[in-house]
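To keep things clear, I will list the structure first and then write my remarks on it.
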Amino acid sequence: MLSNSPPFKVTVHKPPSLEDRTRLLQAKEKRSLLYRLGLSIIVAIPTFVIGVVFMSLVPSNNPTKIFLMEPMWTGNTSRIQWSLFFLATPVMFYSAGNFHRRSFKEIHALWKRGSRTPVWKRFVRFGSMNLLVRTFNPPPVHQLNCF
């Protein structure tokens, strides 16, 4: 009796080497950084146009500029400041998310129970560039009171 199924092909499974896995992880990390950079560039263009070019090149009596400078929702926050807030927030949390995560890990490792670093050194010891970028990151554009 003959079977209609195709014959099996027997092969020996060769697991990926350490170099192959490293290459895959590097490619994944590069792709992630590229997406983050792409979002930052895409958001930087309208932020620059709204916050810098539009505010300095458009005359003050322009109806669109007057509309955008009016307060919206609560307080004295203008529509332009809200738009800059909505544009800057994804960049702050998604594009700079690696800095935030790594800085929190460094702070936790420095201050967790059982840390071998003496307490007095914890106040003067500096972390890496992640902690520096996170700590001294300027406020987002929406918090600047330049209008």
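Being a predicted model, the structure only gives us computed values, none of them experimental.
- R21 places no side-chain N or O within 3.5 Å of a backbone atom of P16 that could act as its donor or acceptor partner.
- Between A96 and M92, the shortest heavy-atom distance links the atoms CB-O, 3.4 Å.
- In terms of modelled atom types and a separation under 3.5 Å, the side chain of S83 and the main chain of I80 share a donor-acceptor contact.
- No side-chain donor-acceptor contact under 3.5 Å links S32 to the backbone of K28.
- Counting heavy atoms from C-beta outward, T64 and V58 have side chains that stay 4.5 Å or more apart.
- Separating the CE atom in M69 from the CG atom in N62 is a distance of 12.0 Å, to the nearest 0.5 Å.
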**OP:** Verify side-chain contact (heavy atoms from CB on, under 4.5 Å) between E29 and N98, making sure each step is shown before the conclusion.
**Re:** CA-CA 11 Å; E29 183 69 20; N98 283 344; 4.2 Å; yes

**OP:** List the steps, then state whether side-chain contact (heavy atoms from CB on, under 4.5 Å) holds for L24 with D20.
**Re:** CA-CA 6 Å; L24 287 174; D20 293 337; 5.6 Å; no

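- The backbone N or O of E70 lies less than 3.5 Å from no partner atom in the side chain of S78, so there is not a single donor-acceptor pair.
- Taking the side chain as every heavy atom from C-beta outward, I50 and L87 approach each other to under 4.5 Å.
- L34 contributes atom CG, which lies 9.5 Å from atom CZ of R31 (distance to the nearest 0.5 angstrom).
- L33 is not connected to L37 by any chain of hydrophobic side-chain contacts under 4.5 Å among Ile, Leu, Val, Met, Phe, Trp and Tyr, and they are in different clusters.
- With hydrogens and angles ignored, the 3.5 Å screen pairs no side-chain donor or acceptor of H100 with any backbone N or O of Y94.
- Taking CZ of R102 as the start and NZ of K105 as the end, the distance is 8.0 Å to the nearest 0.5 Å.
- The backbone N or O of S60 sits nowhere less than 3.5 Å from a side-chain atom of K65 that would complete a donor-acceptor pair.
- Atom CZ of F85 and atom OG1 of T89 lie 3.5 Å apart (nearest 0.5 Å).
- Follow the hydrophobic side-chain contacts under 4.5 Å out from V52 and you never reach W82; the two are in separate clusters.
- In terms of heavy atoms, S95 sits closest to R36 at OG-O, 3.2 Å.
- The two residues S40 and V91 have their closest heavy-atom pair at OG-CG1, 4.1 Å.
- Atom CG of N76 has 12 or fewer neighbouring heavy atoms from other residues, nucleotides or ligands inside a 6.0 Å radius.
- When atom types are taken as modelled, the side chain of R79 and the backbone of F67 share a donor-acceptor pair closer than 3.5 angstrom.
- Rounding to the nearest 0.5 angstrom, the gap separating the CG atom in L57 from the CZ atom in F54 is 10.0 Å.
- By the 4.5 Å heavy-atom criterion applied to side chains, I66 and P63 are not counted as neighbours.
- At a threshold of 4.5 Å between non-hydrogen side-chain atoms, the residues Q81 and L84 do not count as touching.
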